[in-house]
Amino acid sequence: MKLCPTTLGLVAMFLGLGEAQVTWPNAIDELEDVMFLNSGYRSRGFGTHVTPCSFSEFGAGRNTAAEWLRIGFHDMATTNAFVGTHGGVDGSIQFELNDGENIGLGFNTTLHTYANFFNSKLSIGDLVALGVYASTRTCGGPIIPMRGGRIDVTVAGPIGVPQPQNGQGIFINQFTRMGFNTTDMIKMTACGHTLGGVHAGDFNNIVAPGTVANDFQLFDNTLEFDNAIATRYVSGPDTDPLVVGISVANTRNSDFAVFTADKNVTIQAMTDAATFNSMCQDILQRMIETVDPSIVTLSPIIAPYEVKPEGLQLTLLSGGATISFTGDIRVRTTTRSVSSVSITYLDRTGAAGGTITTAVSGTASGFDDSFTFYGINANIPASSSISSFTVVVTGTSGTIETFNNNGAGFPISDSVIVQTPQSCLSNGNLTVLAAVRATVTTPVSLNVTEKVPRTAGSPIVSPVPSLVTTSTTMVKGAAVGPYNIYSGSVSYSSSSGLKYGVGSGTFADSFKDASALGTACSPLGTTLPSSTSSSTSSKTSTSSSATATPTLAHKATVGPYSYLGCYTEGVGVRALSSAAFYNYTGMTIEQCMSDCSGYSYFGVEYGGECYCGNALGTGSILAALSDCSFICPGNAFEYCGAGNRLEMYELTSLVSSSSVVQSTTSKTSSLSSVASSTSTTKTVTSTSSSSSVAPSQTLGIKQTVAGYTFQGCYTEATNIRALSSASFYDYTAMTLEACAADCVGYTYFGVEYAGECYCGNVINTGSVLAAASDCSMVCPGNEFEYCGAGNRLEMYKIGTVTVSTSSSSTSSTSTSSTLSTVVSSSTSKTSTTTTAKPTQTAPAIKPVIGSYKYYGCQTEGTNIRALTGASFYNYTSMNLEMCASNCAGYKYWGVEYGGECYCGNAWNTGSVNATASDCSFLCPGNSLEYCGAGNRLSAYYLP
Ligand SMILES: *[C@@H]1O[C@H](CO)[C@@H](O)[C@H](O)[C@H]1NC(C)=O
Ligand SMILES: *[C@@H]1O[C@H](CO)[C@@H](O)[C@H](O)[C@H]1NC(C)=O
Ligand SMILES: *[C@@H]1O[C@H](CO)[C@@H](O)[C@H](O)[C@H]1NC(C)=O
Ligand SMILES: *[C@@H]1O[C@H](CO)[C@@H](O)[C@H](O)[C@H]1NC(C)=O
Ligand SMILES: *[C@@H]1O[C@H](CO)[C@@H](O)[C@H](O)[C@H]1NC(C)=O
């Protein structure tokens, strides 16, 4: 992680705020662990998905940190700060992946990752917010203050995520609706676009496919969270694909539209690094704190506990005379050097109990903090037992700090406890035994919460499961010492993320991880718990021996490989870049060796990342051996590198040299066979079906395509795409057949703007039939087919029956044959177009464009443009429909000089009506329409 001095200053400031420690246990406890325990003992590994900043477990051309930042904005962006349901960061994004506004693989994979952390104490909304914190921090940005408590919704929000094709005025309106003014909009956009870039595969009207590595163009030239997005915009060279390049002609240069909204004032200010960081810290905090105030109360800003109990468990031992007390005390070591930790406890009556010493069980770290865990493994009398404790931390310099959890001590209840050694998980059946104080007389229940995949019941399947809790009453068994034993059993479908708890009245021992249970069940009820100290204490002794025993070492040889040392990553390239594998829970040196079998080198980094290669990347050099300090998650006696450090091995034995070539080849080919395909299929489909339609081809409306029938020329819907289930783009080779093939299984497909293909099972509200002649763009992949126009879809429906919505008075067959006979050759595309749409043969002033009406031929203003709301340029394919669609939402728009489109809500001073015939330029995208002239706008208005 890159930490500039400024950032370090912010760290110090933030930690210096001296937030009062929250009282344990607390609603934010789960979130706090996931936030601060990135790696090491008891780590949760959330941050490892975005570490280092450039990392993606999904391969080249992906950047998880950027994807996490983006999903934060997209989840928030449908909020309405003014009316009705407010929205905000509420996890609604999981139900919005098919609404056409959340394009890209990152949303799905991010939600899959978050789904693994999601549980009854950690909402998707909080994870989305935490992802903003983690992605910013791992890339060297400021600490975004984090609060917890967001509540997930269970349905999609309205649409309204800003899209690149929107005009400046629309952006301003959308951000205002979210509760952010123009300055905020510019900050949020710049801070969001300091990470990541644009995938050509998702937006090929912004980045042309085949022009950049991995078809992924960064917004700026760095991966880090820095102000290059602002400095390069202001001083150049700017490579932001949303400012320069093909997005300009395609009117997708949305960063330009946003940054110029206040005449570059805010983006100028952001060219100062410190200003950039503080503005981002503020605006991203406000972004993730956008929540519905009527249902969500956010927690105070989360600071790491100085001292926090983790995984505490009481277990009644055989005979009932003794209780074992296990778990860890987590001590924040960022700013303290600890010599020893002990706890002083009170018995169940509140009288002094005694002191328990601890032993180090491991260390862990987050982005800005480090922790050491002190293990508890004590036996205490069941009769007197325990009710609370304080923690005494002795520093290396002899200082003594006592932590009493804001006065009351850390509470621990012995009334209802889960007997984990007697509980088990097997064959779809979770069996739990609980020890309940004989004095507790209320019924005892077992709760099991399962993660159930959301498969049915909704047209949109969320990648996030739902949580389903089953509650059963436990059955009372034998009395053991001062306790009664209860048992209960629940069947489950998936053990992944399974949690359980037992409770009675106000007492509970809950939020237990079922995966920690064994598969062997003890007999129920009557049997006393056998001596169980072995299983609990063995856990502690294993981990203490893992840190102490001399067998933890850098392994000299593994199979045919020998240890090379602790290596850094390359500069701008991975040290080993041929293949990669990840396993944050079970990685060992042996596993990586086996995954990299055949490669000359393999290396394990950051505990769970395995890389293979046949050469070391430039800049990868030997580092201090002690740098490689992470213990392998799958083997406590092996080291698995560290952050930016690889435990590096080289193939030294020739034993397997014959398999080297073979496996390398197969891996290379499987790695490279990612893309391509479909285009071949499309060509074949298109050729075969189009050739069967008519022997002598002419440009015309195709009545049937691959089992679909033409429905007419449709407009887009209101605030949503007409067809919103799936979409594909191909501006160079789109044909009706290609779109039909991409939309297989959907009821409708439609092609718009020549290269955009949309699929859906319904035509969304607001999409209506327009004049067939509106759909005037010829398909780039077939000069005899029409592919819609701006805001117009060439619409097809599954089935071959003639539909009543056809605008033609003649039957579809006769229309088709008429068109075929009228046009004898396709040598001139222009004449073909003209004759194929018999309704219009010469350029004319169009009285109506969508919902707009002709206003007149208007001059520019005096020292100001006539319309200043937004503007778009496209000198090659502008037409009136395109301008109308780009200006949607504005009262007026006009096209000037052939390719310039201006939008506004009022005419500026000096703009007056001119002679209609002044507007004499034909539109480059439709030679039957007029597109203004020099200093003349062909103008339209919303009546
Ligand atoms: C979503 O992501 C998961 C996990 O990476 C993957 O298995 C799945 O195929 C993806 N689904 C889609 C529709 O991309
Ligand atoms: C935008 O909102 C911020 C935060 O409320 C405020 O400080 C700023 O003055 C506003 N800017 C404008 C131009 O209204
Ligand atoms: C804003 O900055 C951009 C990029 O430097 C520049 O092209 C544009 O002319 C500027 N606009 C204003 C109003 O200063
Ligand atoms: C689950 O296991 C318990 C204990 O072996 C048994 O009594 C119970 O019938 C099992 N339940 C199911 C649903 O299989
Ligand atoms: C069990 O679930 C019920 C219903 O969801 C809840 O009211 C109760 O508090 C839960 N008990 C425990 C011990 O988790």
Side-chain angles (χ1 to χ4, degrees), residues 49 56-59 62 64 67-68 71 81 93-99 102-118 168 172 175-191 193 199 201-202 219-220 227-245 247-248 253-271 275 278-287 289-290 453-455 459-465 496 581-582 674 725-728 742 745 759 864-865 868 870-871 873:
H49 291 276
S56 172
E57 61 210 274
F58 305 105
R62 297 281 297 274
T64 303
E67 290 168 359
W68 285 16
I71 204 172
I93 187 82
Q94 61 179 301
F95 305 106
E96 296 163 355
L97 298 190
N98 293 337
D99 72 1
N102 302 298
I103 311 266
L105 298 174
F107 294 106
N108 169 55
T109 51
T110 295
L111 286 167
H112 269 276
T113 302
Y114 290 177
N116 292 328
F117 293 90
F118 165 63
Q168 190 179 72
I172 292 170
F175 277 85
T176 304
R177 187 242 307 140
M178 297 171 212
F180 297 99
N181 63 25
T182 300
T183 319
D184 299 332
M185 168 180 82
I186 296 164
K187 290 179 190 171
M188 202 182 293
T189 305
C191 297
H193 289 175
H199 293 276
D202 297 331
F219 293 118
D220 60 34
N227 67 344
I229 184 78
T231 55
R232 289 167 66 87
Y233 172 81
V234 170
S235 311
D238 199 4
T239 48
D240 181 350
L242 294 177
V243 175
V244 298
S247 70
V248 179
N253 52 338
S254 53
D255 278 359
F256 183 83
V258 168
F259 297 160
T260 49
D262 69 353
K263 300 189 163 50
N264 295 336
V265 170
T266 302
I267 197 74
Q268 276 279 1
M270 296 181 96
T271 59
T275 305
S278 72
M279 282 180 169
C280 291
Q281 188 182 37
D282 173 65
I283 199 69
L284 293 179
Q285 179 183 3
R286 285 179 56 202
M287 180 176 96
E289 290 183 3
T290 301
R454 273 187 236 259
T455 46
I460 297 169
V461 177
S462 164
V464 180
S496 168
F581 307 89
Y582 308 96
V674 177
S725 297
S727 63
F728 307 90
D742 280 339
C759 327
I864 188 170
R865 287 233 173 254
T868 45
S871 61
Y873 308 94

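Atoms within each ligand, like the ligands themselves, are counted from 1 in listed order.
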Just heavy atoms, cut-off under 4.0 Å: does F259 contact ligand 3 by side chain, backbone, both, or neither?
-> neither
Examine the side chains of Y233 and D220 and answer whether a donor and an acceptor come within less than 3.5 Å of each other.
-> no
Consider only side-chain N and O atoms of R865 and S871, and report whether a donor and an acceptor are under 3.5 Å apart.
-> no
Would you call D184 and R286 a salt bridge, taking side-chain N to carboxylate O under 4.0 Å as the test?
-> yes
Using only heavy-atom distances, determine whether the side chains of N227 and T231 contain a donor-acceptor pair under 3.5 Å.
-> no
Any idea which atoms of ligand 3 are less than 4.0 Å away from a heavy-atom of Y233?
-> 1 (C), 2 (O), 3 (C), 4 (C), 5 (O)
Residues which pass ring-ring contact (aromatic ring centres under 6.0 Å, His included) with F118, listed by chain and number, not counting sequence neighbours | none
How would you list, by chain and number, every residue that makes a ring-ring contact (aromatic ring centres under 6.0 Å, His included) with F256, sequence neighbours excluded?
-> none
Look up atom CZ in F259 and atom CD in Q268, then write down how far apart they are to the nearest 0.5 Å.
-> 12.0 Å
Heavy-atom contacts with F58 under 4.0 Å: which atoms of ligand 1 show up? List them by number with element.
-> 5 (O)
Under 3.5 Å between some N or O of ligand 3 and some N or O of N264?
-> yes
List for me each residue that meets ring-ring contact (aromatic ring centres under 6.0 Å, His included) alongside F180, sequence neighbours excluded, and say none if there are none.
-> none
Within the 4.0 Å heavy-atom sphere of ligand 2, strictly under, residues | N181, T183, D184, R286
For ligand 1, is there an N or O atom under 3.5 Å from any N or O atom of T109?
-> no
